[in-house]
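In what follows, chains carry the letters A, B, and so on, assigned in the order in which the sequence lines appear, proteins first and then strands, with residues in each chain numbered from 1.
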2 protein chains.
Amino acid sequence: MARAPRQADIAAAAGVSQTTVSLILSGNTDGVRLSESTRQRVLKAAEKLGYVPDPVATRLASSRNHMLGVYTFASAFPTDVDGFYYPILVGIEEEAAALGQDLVLFTGTGGLEAPADDKLAIRRTRIADGCLFFGRQVPEEPIDWLLGGGFPLVYIGRRDELGGRIPFVGVDYVAASAAVVDRLVELGHREIRYLRSEDDAPSSSDREEGVLAAAEKAELDARRIVVRAEDAEVAALIERWRGEGVTAVVVEETDTGSLSAALLDAVAAAGLRPPDDLSLAVLGQPKDHPEVSGFEVPRRELGRRAVRLLVDQITASGPRIAEHVLLDCIPVAGSTIGPA
Amino acid sequence: MARAPRQADIAAAAGVSQTTVSLILSGNTDGVRLSESTRQRVLKAAEKLGYVPDPVATRLASSRNHMLGVYTFASAFPTDVDGFYYPILVGIEEEAAALGQDLVLFTGTGGLEAPADDKLAIRRTRIADGCLFFGRQVPEEPIDWLLGGGFPLVYIGRRDELGGRIPFVGVDYVAASAAVVDRLVELGHREIRYLRSEDDAPSSSDREEGVLAAAEKAELDARRIVVRAEDAEVAALIERWRGEGVTAVVVEETDTGSLSAALLDAVAAAGLRPPDDLSLAVLGQPKDHPEVSGFEVPRRELGRRAVRLLVDQITASGPRIAEHVLLDCIPVAGSTIGPA
DNA sequence: CTGAAAGCGCTTACAG
DNA sequence: CTGAAAGCGCTTACAG
């Protein structure tokens, strides 16, 4: 394969030094003045040779290469939760394109390798100007290392680890969840149940926090509200709750959506028709069920904002401070909530 | 934070040269022998300093960077045809991860910029070791330029441009489509219609070719079989075909899936229930309609094979030849085809 | 067995 | 106005 042309090749072709080529191509006209004729000659030679700067060399020598990393702790294109992550990726791509940034997907550990390899894979993200991270857990050591080195990074989703030093763009699940319960209370519901998964992701505890805050405000018996369950237990719960006089059920929407799907199935199987027999709300947007009341997570915007925050960090001149952004959810009125 | 430690720091600490450190840390024991004591001293110093190799420098110094480009001519994450491309991306990511390659998504022109910019964006793909291309059209000039420079690239989808010099992994739509018509003929159907889009993508003409080949073999009147139509015209066609005694309809599945969706809707609206009132087949897999007869496009495998072909090209020692791979589709029996 | 040196392709002071 | 030189942190011949 013919070598890719370098600045030195352009320099030879244009009869100038490699330094001059670098100056002209990088548009680094800071305190420098170059004759227009030289400039044109260089530009023409570069065009003719089809010059493309080597991003790796650029990054070694300077600091930017206009590549943003995207690191997911599982798969960037998960098959079981595609409906969840896809809009975020769409947002990331949109904003990156708008800002002239390419994306580097680090495929590091597809879950196949030992978690020990995570460390190296995460450190490799340094080849980009900065990196977006997705995922429930935070591998503290490598992230701390990146942060300590001043490497720009942004998590997608709220992260409190490492003393709050991790910049993130998250979703205000607390407020959105509280609003859903508020609405039920306003409609006269007193016997409410909140069904959540066993998993302890921040997005789960945030939702619970919002639910409990609203319950407390309404002076409901908070101890009875929260119920942790597996998908398989849902049908039995529905039965029990009917006996307890429950009039409204709220369920967490997780990335797989399996818990809310299980609930919707169980409700239908029990012959209950919301909102008449039971009010139903999902803390999120269940797939293929736009009629269900709840809220919409601004996933696309999440991706866009994360990219913007990252680029801000990269271009920031002063010392960076950890930035934390929480986006509001969009309330979904739906048709599954009614008077108690 | 103090500077990240470099090999030179370790060298100083261990009292050896930086070269020796590099040799020991990279495990590059090829023709070299190092005393175990030196080795231990260096390893210990590296550990103590918390050394992590700089991936950027590593990649500059070695020739490959283990990054594969992914270039899409529109958006890598299209919102209207997500169901179509997503599995391909999944396959690409899987195989890339398995082969230890990172992915660079070129966001070049999201359709916003003039096609002239395509040229530069496409050339930028050279920062990777090789690149995968998606898309209906081939911008000949930049692709030719890449090919001429010996840059490894693979198209996803059959491409005949540039004198067949473009390596690709495609799908054997001809054979799969013919097989569907064969099946209908075996079941006694003689009045068959093939509904296709106006668009002239290779995947469309391949399907038509397969349909016509099967029709010819069965000595059907080929002139009446193929019908090009827009989504909006489908309902009227159904009506007409009933008058013509049509017993089976085959429809093309495009990336948006809108034509097959229009047909399924029109058939249902006309009160026709396949396979009793009409046999129905889709040349592909319509979204959310697993019961429809036809075939499944091996999209995930398409992504995987494309990655493998690309990596083969990259690692090939001798002169590369354009490789063309066609994958078989998986027949879907379905329940919408019956006897005439 | 180990080191001095060149080089990967750029940027960035520093000289003219 | 432009060039020679050093340097980013590593790898890889090439000498001892």
Side-chain angles (χ1 to χ4, degrees), chain A residues 1-12 14-43 45-46 49-67 120 123-124 126-127 129 149-151, chain B residues 2-43 45-46 49-67 124 126-129:
Chain A
M1 161 177 179
R3 298 186 87 296
R6 301 163 276 174
Q7 290 185 347
D9 299 324
I10 300 176
V16 297
S17 76
Q18 180 257 322
T19 302
T20 302
V21 173
S22 171
L23 253 23
I24 291 176
L25 294 182
S26 68
N28 227 335
T29 352
D30 279 5
V32 200
R33 283 153 309 197
L34 300 175
S35 73
E36 189 54 27
S37 70
T38 305
R39 179 188 183 69
Q40 289 306 329
R41 218 169 349 122
V42 168
L43 254 25
L49 293 174
Y51 173 76
V52 181
D54 181 324
V56 177
T58 304
R59 176 133 179 91
L60 217 215
S62 67
S63 43
R64 297 200 52 186
N65 59 15
H66 301 281
M67 297 199 286
L120 289 181
R123 291 180 169 180
R124 241 177 38 231
R126 282 188 27 176
I127 69 163
D129 291 337
F151 183 73
Chain B
R3 295 186 86 298
R6 302 163 277 176
Q7 291 186 345
D9 299 326
I10 299 175
V16 296
S17 75
Q18 180 258 320
T19 302
T20 303
V21 173
S22 171
L23 254 22
I24 292 176
L25 294 183
S26 66
N28 227 334
T29 351
D30 281 3
V32 199
R33 282 151 309 194
L34 300 176
S35 74
E36 191 53 29
S37 71
T38 305
R39 180 189 183 68
Q40 289 307 327
R41 224 174 339 128
V42 167
L43 254 24
L49 293 175
Y51 173 77
V52 181
D54 181 326
V56 177
T58 304
R59 288 179 175 185
L60 216 215
S62 50
S63 57
R64 290 190 52 190
N65 63 17
H66 302 281
M67 297 198 286
R124 246 182 31 237
R126 287 191 38 162
I127 71 171
D129 291 336

Gap between atoms [atom1] and [atom2], on [X] and [N] respectively (whole Å):
X        : N     : atom1 : atom2 : result
A:Asp9   : C:dG9 : CG    : P     : 9 Å
B:Leu23  : C:dC1 : CG    : C1'   : 11 Å
A:Gln7   : C:dC8 : CD    : C1'   : 13 Å
A:Asp129 : D:dC8 : CG    : P     : 19 Å
B:Ile24  : C:dG3 : CD1   : C1'   : 12 Å
B:Leu25  : C:dT2 : CG    : P     : 14 Å
A:Arg41  : D:dT2 : CZ    : C1'   : 11 Å

Does [X] make a side-chain N or O approach to OP1 or OP2 of [N] shorter than 4.0 Å?
X       : N      : value
B:Ser17 : C:dT2  : no
B:Thr38 : C:dT2  : yes
B:Ser22 : D:dT12 : no

Nearest-0.5 Å distance that lies between atom [atom1] in [X] and atom [atom2] in [Y]:
X       : Y       : atom1 : atom2 : answer
B:Asp9  : B:Leu49 : CG    : CG    : 6.5 Å
A:Thr38 : A:Leu43 : OG1   : CG    : 11.0 Å
B:Gln7  : B:Ile24 : CD    : CD1   : 10.5 Å

Return whichever of A:Gln18 or B:Gln18 has its heavy-atom-nearest nucleotide of DNA chain C closer to the 5' end.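 Taking each residue's closest nucleotide, the earlier one in sequence belongs to B:Gln18.
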Assuming nearest nucleotide by heavy-atom distance, tell me which of B:Thr19 and B:Leu60 is located more 5' along DNA chain C.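 Looking at the nearest nucleotide for each, B:Thr19 comes out on the 5' side.
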Which nucleotide sits closest to the side chain of A:Val16: C:dG7, D:dG3, C:dG9?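 For A:Val16, the side-chain atoms sit closest to D:dG3.
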Across the strands shown, which category fits B:Thr58 at heavy-atom distances under 4.0 angstrom: base, sugar-phosphate, nothing?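 If one applies the 4.0 Å heavy-atom cut-off, B:Thr58 turns out to touch the sugar-phosphate alone, with no base involved.
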For D:dG16, give its Watson-Crick or G-U wobble partner with both distances under 3.5 Å, or none.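 Partner of D:dG16: C:dC1.
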What integer number of Å spans the P atoms of D:dC1 and C:dT12?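 The answer is 22 Å between these two P atoms.
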Please give me the minimum heavy-atom distance between A:Pro5 and A:Gly50, naming the atom from each residue.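 So the minimum-distance heavy-atom pair works out to CG-O, 3.8 Å.
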Could you go step by step and tell me if B:Tyr51 and B:Leu25 meet the side-chain contact (heavy atoms from CB on, under 4.5 Å) rule? CA-CA 10 Å; B:Tyr51 173 77; B:Leu25 294 183; 3.4 Å; yes
